[in-house]
Each structure stands twice: as C-alpha cells, then as structure tokens.
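Inspection log for the structure reproduced underneath, given as structure tokens.
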Amino acid sequence: MLRVEDLDTPAVIIFLDRLETNIERVQRLIARQGIGNRPHIKTHKIPAIGRMQIEAGAVGLTCQKLGELEVFIDANVCDDYLLSYNILGARKTDRLMQLASRVKRLAVVADNDVVLRGLSEAGLRHSRDIPLLIECDTGFGRNGVQSPEAALDLARLALKLPRIVFEGLMVFPNSAPNTHEFFSRSLKLFREAGIALPILSGGGTPALNRLAEFSMMTEHRAGTYVYNDVMMVHSGVASWQDCALQVRATVVSRPTAGRAVLDCGSKVLTSDQYYVQHYGRLAHYPGAVISGLSEEHAIVDLTNAPKRPKVGEVVEVIPNHCCSVSNMTDEVHGVRNGVVELTWPVAARGKVR
Ligand SMILES: Cc1ncc(COP(=O)(O)O)c(C=O)c1O
C-alpha cells in the first residue's frame with residue numbers, strides 16, 4: 001500500500017473525495033437549471049475523469065484541441081463532443097472529419113468566414129455534415145464575433161454553405177460583462193430573421209453561481225470546477241476544502257526567516273496569475289504565499305505566516321491555476337485517507353495541435 005508520504009516530490013495529487021463531490025455538486029447545479037452539462041476536459045485531460053463526468057449525467061464533453069479529442073475518442077469516453085476552437089487548414093479539418101466519423105456528434109465552432117468555408121470544404125471532401133456554433137466575444141477579448149449582428153451575418157453564411165449545420169451560438173466565459181445583453185439581443189435578432197437557435201452554449205466555472213442569470217443558455221461548459229484552485233476560491237465559487245488538486249513539494253531551503261524555497265517551480269506550477277496575486281498558497285500554512293517562480297524553485301513569502309515550514313518538510317501547494325498544472329505533469333495520484341488509491345496518466349497533456 002502506497003501512502004501519500006511515500007511519493008517523491010514534486011508530485012501532483014488529487015483528493016478523490018473532493019473530486020467526486022465537485023463532479024456531483026456541479027452536475028446537480030447545472031441539471032437544476034434544466035440545461036445540459038458539457039464539461040471542458042482542459043482542466044484534467046484524463047479520460048477516466050471524463051468518464052466520471054459522463055456517468056454523473058453530463059450530456060457530452062468539450063475539448064479545445066484535436067489532439068485532446070483524439071485521446072478521448074480513442075479511450076471511448078463518450079460520443080458527443082464540442083470542439084471549442086477555430087480549426088483551420090486541410091491537415092486539421094481532415095483530422096476533424098476522421099474524428100467525426102467515430103462518434104455520434106462532433107460539433108465545432110467558428111468566428112469567421114475563412115474557418116467556416118474551410119469546414120464546409122472538409123465536409124464536402126468527406127461527405128459529412130458538420131454541426132456548427134458561432135463563437136461570440138461578449139467582453140472577454142479573445143475569439144468571437146463582436147456583435148449579435150455579426151453573429152447573424154455569419155449564421156446566414158453558415159446556412160448557405162454546404163455540409164454546415166448551423167446549431168447556435170457559443171460564448172466563453174458567461175462572466176464576461178456583456179454576455180447577458182449580447183445573448184438577449186441575439187435571440188431577438190435571430191427570431192426576427194426566422195433563424196432557429198437550438199443551442200446556446202455558455203461556459204466557465206466562476207459563472208456557476210450565477211447560472212440563473214443566463215436562463216437563455218441551453219448548456220454550460222465548466223472545466224476548473226473538477227479540481228478548483230486559488231482563482232476559483234478568489235471568485236467565490238469554491239472554498240479551500242473544494243480544492244482537489246494540490247502539489248506536494250519539499251522545502252529545499254530556508255535562506256531567511258521570511259523565505260522558504262520549494263522544489264516545484266514554473267515547470268510544475270506555471271506562472272499563470274490572471275486575476276489573483278502570487279502563484280499559489282501553502283495549504284497548511286495560513287498566510288504563506290508563493291511570491292516568485294523560477295523553473296525549479298518556488299519562492300514562498302512567509303512574512304504573514306505565523307507558522308513556518310522547516311527544511312526537508314513536505315508541504316501541499318494549492319496552485320493559482322490548476323489546468324496548467326495538469327498540462328505540466330505526466331501523471332497525477334488519486335489519494336483517499338492518506339493512501340494513494342490510483343495513478344492516472346494525464347493522457348491528453350501537451351496536445352497543442
Ligand atoms: C471555450 C471554453 N469553454 C469552457 C472553459 C471552462 O472554463 P473554466 O475553466 O472557467 O471552468 C474554458 C476554459 O478555458 C474554455 O476556454
């Protein structure tokens with residue numbers, strides 16, 4: 001029997017009780033809204049966890065990259081996927097079509113006519129219809145058409161192009177400032193144009209507490225909720241006790257009274273900060289924050305920590321952004337009551353194409 005203390009560091013562990021609770025809780029929350037739960041696999045990248053989400057009641061899964069889809073379809077996790085990324089070029093659209101032939105439904109997004117025309121040509125080459133959502137930018141400032149009018153224009157093109165089956169709109173994240181207004185206006189505009197919008201796909205873990213505000217959505221894609229992290233606690237959607245992924249790391253140095261150094265640098269924790277300060281927290285040392293990272297060193301600022309770890313001690317870090325930690329590690333260890341119950345390879349890590 002392997003105990004958690006037996007793992008060499010740095011090691012990424014998953015508290016299985018928390019993982020299971022997070023999956024069930026969010027499934028219930030989304031089902032209570034009467035909409036579909038379509039989790040994004042980007043947080044865990046592990047087919048076994050995708051299977052747990054489907055078994056809990058998810059209608060399907062979301063992937064960001066073709067390589068992730070390949071891993072999940074090879075593992076036979078489910079037969080209904082959304083690929084929430086513009087797919088460009090025959091090399092990629094041919095892969096998309098191959099994958100579509102292996103599942104019941106594979107929908108994809110587009111936010112411009114070049115992507116749309118490329119998908120239509122791929123559909124013609126492979127004699128296959130492609131379910132399509134138009135991605136909308138409602139204030140996040142990433143991909144997406146910029147207005148409901150632009151969504152309608154692109155939808156009109158989608159309806160004309162062969163092999164494209166226009167199904168609706170998609171946004172990330174719901175919590176972007178203009179989502180409600182954008183989608184309300186789109187509903188009106190499309191209704192007036194006589195174009196049906198069977199799917200409105202919303203997303204993001206921080207919006208889970210506000211699902212009722214987005215009653216027009218037909219499905220929700222959350223990802224981070226399976227593990228949670230400092231960002232999710234900061235956004236009020238999770239507590240520290242909901243953080244299922246933690247990094248076990250050894251204190252390798254205590255150069256000053258106010259500083260500790262851990263053996264998990266940016267190669268493990270990543271330097272993502274987004275809207276929170278620092279790079280992570282020490283789970284059992286209140287006030288201890290990771291204030292700097294180099295590749296193999298995490299610098300812990302202990303100034304505000306009444307209790308301080310010693311050299312050689314193993315500590316548990318709650319990262320700022322758990323999704324990018326998944327991407328950095330070959331495997332994660334599932335832990336229950338101090339025992340390592342299983343080790344999952346992170347099969348879809350590093351799938352950037
Ligand atoms: C398109 C899309 N949908 C859903 C999600 C899941 O969001 P979250 O990780 O906030 O739950 C993401 C996350 O990056 C995303 O990019």
Side-chain angles (χ1 to χ4, degrees), residues 19 22-23 25-27 29-30 33 35-46 49-50 53 56 58-69 72 80-87 106-111 115 132-145 167-177 179 182-183 199-211 214 217-238 242-245 270 272-276 319-327 348-349 351-352:
L19 170 71
N22 292 342
I23 289 175
R25 187 177 65 82
V26 169
Q27 177 62 42
L29 196 71
I30 294 177
Q33 291 299 316
I35 63 175
N37 178 23
R38 185 180 292 282
H40 204 306
I41 63 91
K42 69 186 290 288
T43 305
H44 53 75
K45 303 180 197 296
I46 295 173
I49 299 184
Q53 292 170 311
V59 296
L61 295 174
T62 310
C63 294
Q64 205 86 326
K65 288 301 181 96
L66 287 163
E68 295 175 343
L69 252 184
F72 275 68
D80 185 338
Y81 290 93
L82 170 66
L83 189 66
S84 53
Y85 204 87
N86 280 346
I87 300 298
L106 169 52
V108 64
V109 304
D111 74 347
V115 171
L132 182 110
L133 304 181
I134 289 172
E135 182 166 0
C136 306
D137 176 9
T138 62
F140 189 52
R142 202 167 69 175
N143 288 12
V145 294
E167 288 194 340
L169 308 179
M170 170 263 183
V171 62
F172 178 76
N174 282 20
S175 52
T179 306
F182 193 115
F183 273 68
I199 298 179
L200 294 179
S201 183
T205 296
L208 284 172
N209 280 347
R210 302 167 46 202
L211 284 180
F214 302 101
M217 300 296 178
T218 62
E219 66 173 30
H220 192 79
R221 312 173 319 274
T224 310
Y225 80 97
V226 277
Y227 290 160
N228 291 309
D229 51 25
V230 175
M231 286 199 294
M232 295 308 115
V233 175
H234 179 84
S235 66
V237 77
D242 300 324
C243 292
L245 177 147
T270 83
D272 282 0
Q273 283 189 308
Y274 290 101
Y275 48 85
V276 294
N320 267 14
H321 187 197
C322 59
C323 309
S324 47
V325 174
S326 283
N327 194 46
R349 71 167 285 211
K351 302 294 181 193
V352 292

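Both ligands and their constituent atoms are indexed starting at 1 by order of listing.
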Distance-only N or O hit between ligand 1 and [X], under 3.5 Å:
X	value
S84	no
H40	no
Y225	no

Can you sort out which atoms of ligand 1 are near [X], meaning under 4.0 Å from one of its heavy atoms?
X	value
G204	7 (O), 8 (P), 10 (O), 11 (O)
M170	1 (C)
K42	12 (C), 13 (C), 14 (O)

Nearest protein heavy-atom contact for [atom]: which residue, which atom, what distance?
atom	value
atom 9 (O) of ligand 1	T224 OG1, 2.5 Å
atom 10 (O) of ligand 1	T205 N, 3.0 Å
atom 16 (O) of ligand 1	R142 NH2, 2.9 Å
atom 6 (C) of ligand 1	G223 N, 3.5 Å
atom 12 (C) of ligand 1	F172 CE1, 3.2 Å

Query - Donor-acceptor contact below 3.5 Å, side chain S175 vs main chain P206 - result: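 The answer is no, because no donor-acceptor pair under 3.5 Å joins these two groups.
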Query raised in the report: Okay, side chain of N86, backbone of V115: is any donor-acceptor separation there less than 3.5 Å?
Result: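 Checking the backbone N and O of V115 against the side chain of N86, no donor-acceptor pair under 3.5 Å is found.
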**Report entry** More than 12 heavy atoms from other groups under 6.0 Å of OH on Y274
**Finding:**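 Open.
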Query raised in the report: Centroid-to-centroid, F172 to F140, below 6.0 Å?
Result: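 For F172 and F140, the ring centres are under 6.0 Å apart.
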Measuring from the heavy atoms of [X], does anything fall under 4.0 Å of ligand 1?
X	answer
P206	yes
A222	yes
Q64	yes

Query - Salt-bridge criterion met for K42 and E68 (N-O under 4.0 Å) - result: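 A salt bridge is absent here (no side-chain N lies under 4.0 Å from a carboxylate O).
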Query raised in the report: Atom CG of L69 and atom CD1 of I41: how far apart are they, to the nearest 0.5 Å?
Result: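 Going from CG on L69 over to CD1 on I41, the span is 8.0 Å.
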**Report entry** Option passing side chain to side chain donor-acceptor pair (under 3.5 Å) with H40 (candidates Q64, R221, Q53)
**Finding:**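 Among Q64, R221, Q53, the one meeting side chain to side chain donor-acceptor pair (under 3.5 Å) with H40 is Q64.
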Query raised in the report: Of T270, T43, D229, which is the lone residue that meets side chain to side chain donor-acceptor pair (under 3.5 Å) with S324?
Result: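 Going through T270, T43, D229 one by one, the side chain to side chain donor-acceptor pair (under 3.5 Å) with S324 is satisfied by T270 alone.
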Query - Closest non-hydrogen atom pair between V108 and Y85, with its separation - result: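 Looking at all heavy atoms of both residues, the shortest contact is CG2-O, 3.9 Å.
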